[in-house]
Each structure stands twice: as C-alpha cells, then as structure tokens.
There are 2 protein chains.
Amino acid sequence: MSDHAGHAHHGAHHGHPRGGDIEASLDRAAATCLARGAQLTELRRQVLRLVLDSAQPIGAYALLDRLRGERRGAAPPTVYRALDFLIEHGLIHKIERLNAFVGCAEEPGHGHTHAHPHPHQFLICGRCGSTAEVCDESVAGAVAAAAGRLGFHVHRTTVEVEGICAHCHDTKSTSG
Amino acid sequence: MSDHAGHAHHGAHHGHPRGGDIEASLDRAAATCLARGAQLTELRRQVLRLVLDSAQPIGAYALLDRLRGERRGAAPPTVYRALDFLIEHGLIHKIERLNAFVGCAEEPGHGHTHAHPHPHQFLICGRCGSTAEVCDESVAGAVAAAAGRLGFHVHRTTVEVEGICAHCHDTKSTSG
DNA sequence: GGTCATGATGATACACTATATCAGGCCAGC
DNA sequence: GCTGGCCTGATATAGTGTATCATCATGACC
C-alpha cells in the first residue's frame, strides 16, 4: 500500500512550531529558485516567511495586512503575485476550501513544481482550524487509477479532508 | 479494491445530455426532501433545475442571472440560500476549484447528505471545461486509511482532479 | 379568532477574494 | 543609451459570498 505517509504540520496547538528554522527554509527556497533560473526576491521572501510563520492556513488579505508592516504601499496584486510565484515553484500550496495558503511540507529541491507537483493531501480540523499536509502515494494512486479507467489524463489533484484532528478528538474540551 | 467506479456526467460535448429527465429528477428530489421533513420549494426547485440543466458546472452569479428570468427580484442571498439547501441535502455538489455547482450524479434517496455524503470525486477537463463525477470507493478508502493513520476523523472529503478528459485527448483539435 | 413560533423569501448593504491594467524601476546585453 | 525582460507600485474593478432586517405564509396552541 502506502510506503510513506503522513507528516503533520501547521499544528495550531503548538503556536509556531518552527522558529529560526524558517530562515533556513527560506535560504533553501532561495537556492532552489536560483537553480531553476528564478529568484526569491525580498518581497517573495517576505511573503513566504509570513506564510511559514503562520500557525494556520492564512488568507491573502491577512497576509496583506501583515505585509504592510514591512512594505507600506502593499496592495492585493503585491501579495497575489508573490503567492502565484510561490505556488508555481511548489513552495506553498493553496487550500481551496479555505481560500488560504500554507507552506509546502516537502522541502524544496525535489523538483516538484506547480506543473509537476508532489502528491499531497490536506487534513483540515473543523474544530481548531489546524491543517496537516500528508503525502500519501496510495491516495494519489487510487485517484490516478480511477481517472485512468475513464481515459482521463491527470495533471493536478486536490484532496482536502475536513474532519477532527487527533488532538481535538482526544481532548474534547475547549482547548482547541 | 474499487467495486464500482466512474459514471461520467455533465459532458460539455453533448449539449444538454438530459431533457425531460430533469423533471423526473426534480420530482424524486422533492420526494426525498419530503421524506426527511424538508421541502423542495418552488425556488429551490427552480435553482436545482437550472443547475441540472447546465451542461457544465455553473457559478452562483450565472445561476442568479438565469433565475432572474423567472424571479424578478432575485438577489445573491436568494440563490445562495437555495444552493446551501441543495448541498445540505446532497442534491448538488460544489466544485471548490471552480466556485461552481453541479448536480449530484447519484440519484437521491440513498440517504446521503452533506453530513453523510457519498464518496465522490470530480474530474475537471482543463480544455473543454467539462466535469465528470466519479464515485470510487478505493479513493475514499485510501483517504480514510491515510487520515486514520494520523488519528484524524474524516467528515467530508473533497477530491478534484484537473487534467484532460478522454474526449479532448483523443481529438487534439479545437473541437473541445 | 388571536397569538406566537418557525421557516422561507424579499431586499439592501456589505465583506471577502481575486484580477486587469498601466506606469515606473532595475538590470543585462548589445 | 537603448532595448527588452522582469519585478514592483498603484489604481480600479470584477467575482464570490454573508450579514441583517423586513415581510409573509404556515401551523401549533390557547
């Protein structure tokens, strides 16, 4: 079945699970971009930092508010252009159900982009709002098989699961 | 694995694949609602008819335009409230990637609702814009397994696959 | 009949999400 | 210095979805 599955991230219970890690991730992201002939400019780096720094999926306009702390004239296109770039290069994902963005759980440098994404699924907790990105190949395989049966050629797959995370299910109190 | 998979619908190539079928579907939908203590009012029936009548997924504001043909003062809440009801009762689905709505491919009366949905996935052709709803249990099973491994309790699963449908892939011309 | 709660719809305004478009700045290469 | 490409600034607008209050019908209950 699934040879590797499931590393949870963006947990809302732990505040900011990363700290100085983020700067290291940004450096790796910059290197990855460079290797592909693109550049992680200061603006894009700022937006990526804000996304990674968020404990939960964050919306474009929330990003915009925070971005304005460091860039006075920031406007919607400012943040959307940066987001498009980051998605294009596989550094972040968009969660369609939430109209929000999260950092990619896979480290960059694996050659995955928007055109050639790595398989990924999101588990969205309806109680605490946290999300986990899992990378389960059996899910991707089942999707590919079902699509293939109909002669459908898959480009991209969006899998977003809504439910209750283990933490919230264990502690049925108001701790979420 | 997957005991049953794949009935394609909403094909854009065939114009309106159904005709008088729609009225029969509406009647069955009304009966299903009644059996559950809800009512498919004239407004909801009109909106459901418009959704079913659309060859492709249709947006809320496109529905609103058409609805105004039969209901002069229709406003956004008019159509959104009807859509919410129809989704709640499993009569239509929302495709998140498209912000659009399609009729449920499963006939009503199977007891599935928004709270207890039947497994379903969408194949979205990026060339002709058609969508197919498939009901593959192996996909749902893989998702459930992956989630369960992390202790996540699944409520609802959104699977939306973007790619090229068999028809468009066969006829690589501009016929899409 | 009168009253009241419920659910559905009408109607207005607003919030949130995303894009189009044009202008200016920076830099590499000729 | 000019050009072309890329990035950003800035303004306006399009597209999607909700909040809120008023109105109206229905049915329960006294």
> Could you check how far CG of A:Leu34 sits from P of D:dC6, rounded to whole Å?
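To the nearest whole Å, that distance equals 16 Å.
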> If each of B:Pro76 and A:Ala100 is mapped to the nucleotide of DNA chain C with the nearest heavy atom, which maps nearer the 5' terminus, i.e. the 5' end?
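Whichever sits nearer the 5' end wins; that is B:Pro76.
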> What is the separation between atom CG on B:Leu63 and atom C1' on D:dG17, rounded to the nearest whole Å?
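Rounded to whole Å, this separation is 14 Å.
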> Tell me whether the side-chain N/O atoms of A:Asn99 come closer than 4.0 Å to OP1 or OP2 in D:dT16.
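No, no such contact exists.
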> Would you compute the distance between atom CG of B:Leu48 and atom CZ of B:Arg44 and round it to the nearest 0.5 angstrom?
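Taking CG in B:Leu48 and CZ in B:Arg44, the distance rounds to 11.5 Å.
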> When you measure from the side chain of A:Lys94, which nucleotide among C:dA8, C:dA18, C:dT9 comes out closest?
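From the listed options, C:dA18 comes nearest.
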> Starting at atom CG of B:Leu86, determine the distance to atom P of C:dA8, rounded to an integer number of angstrom.
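Computing the B:Leu86:CG to C:dA8:P distance gives 12 Å.
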> Give the ring-plane orientation class for A:His169 versus B:His153, where under 30° counts as parallel, over 60° as perpendicular and anything between as tilted.
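Ring orientation of A:His169 relative to B:His153: parallel.
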> Given 3.5 Å as the limit, does a donor-acceptor pair link the side chain of B:Ser54 with the main chain of B:Leu50, or not?
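Not a single qualifying donor-acceptor pair exists.
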> Is any N or O donor-acceptor pair between the side chain of A:Tyr61 and the base of C:dA15 shorter than 3.5 Å?
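Check fails, no donor-acceptor contact within cut-off.
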> Could you pull out the closest heavy-atom pair between B:Glu133 and B:Gly103, with the gap in Å?
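Nearest pair, atom of B:Glu133 first, then B:Gly103: OE1-O, 3.7 Å.
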> Would you mind reading off the distance between B:Leu83 atom CG and D:dT16 atom P, rounded to a whole angstrom?
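It is 12 Å, rounded to the nearest whole Å.
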> So does B:Arg44 get a side-chain nitrogen or oxygen closer than 4.0 Å to the phosphate oxygens (OP1/OP2) of C:dT9?
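Yes, because at least one side-chain N or O of B:Arg44 sits under 4.0 Å from OP1 or OP2 of C:dT9.
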> Generate the contact string for nucleotides 25-30 of chain C. Rules: B means base contact, S means sugar-phosphate contact only, - means no protein heavy atom under 4.0 Å.
------
> Check whether B:Thr32 reaches the backbone of B:Arg28 with its side chain - one donor and one acceptor, N or O, closer than 3.5 Å.
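Flag set: sc B:Thr32 to bb B:Arg28 pair under 3.5 Å.
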> Whole Å only: how far is the CD atom of A:Glu88 from the C1' atom of D:dC7?
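The answer, rounded to whole Å, is 16 Å.
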> Taking atom CD of A:Glu70 and atom CG of A:Leu43, what is their separation to the nearest 0.5 Å?
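A:Glu70 atom CD to A:Leu43 atom CG measures 9.5 Å (nearest 0.5 Å).
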> Can A:Tyr80 be called stacked on C:dT19 when the rule is centres closer than 5.5 Å and an angle between planes below 30°?
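It does not: the ring fails the test against the base of C:dT19.
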> Across the strands shown, which category fits A:Arg72 at heavy-atom distances under 4.0 angstrom: base, sugar-phosphate, nothing?
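Counting heavy atoms under 4.0 Å across all strands, no contact is made by A:Arg72.
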> What is the separation between atom CG on A:Asp84 and atom P on C:dT17, rounded to the nearest whole Å?
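Computing the A:Asp84:CG to C:dT17:P distance gives 16 Å.
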> Does B:Thr78 form a side-chain hydrogen bond (donor to acceptor under 3.5 Å, both in side chains) with B:Arg71? I'd like the steps, not just the answer.
CA-CA 10 Å; B:Thr78 309; B:Arg71 274 186 119 80; over 6 Å; no
> Give the rounded distance in Å between these two atoms: CD1 of B:Ile58 and P of D:dG17.
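Nearest whole value for this atom pair: 13 Å.
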> Looking at C:dG10, D:dG17, C:dT9, which one has an atom nearest to any side-chain atom of B:Thr78?
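The nucleotide sitting nearest to the side chain is C:dG10.
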> What is the distance, rounded to the nearest whole Å, between atom CD1 of B:Ile95 and atom P of D:dG17?
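Computing the B:Ile95:CD1 to D:dG17:P distance gives 13 Å.
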> Angle between ring planes, B:Phe122 versus B:His120, binned at 30° and 60°: parallel, tilted or perpendicular?
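Ring orientation, 0 to 90° scale: perpendicular.
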> A:Phe152 and B:Ile124: which non-hydrogen atoms are nearest, and at how many Å?
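Heavy-atom minimum between the residues: CZ-O, 3.3 Å.
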> Could you go through A:Arg49 and A:Glu23, starting from their C-alpha distance and side-chain angles, then the distance that decides it, and tell me whether this counts as salt bridge (Lys or Arg N to Asp or Glu O under 4.0 Å)?
CA-CA 8 Å; A:Arg49 182 185 292 112; A:Glu23 289 306 318; 2.8 Å; yes
> Check nucleotides 19-28 of chain D for protein N or O atoms closer than 3.5 Å to its own N or O atoms and list the pairs.
none

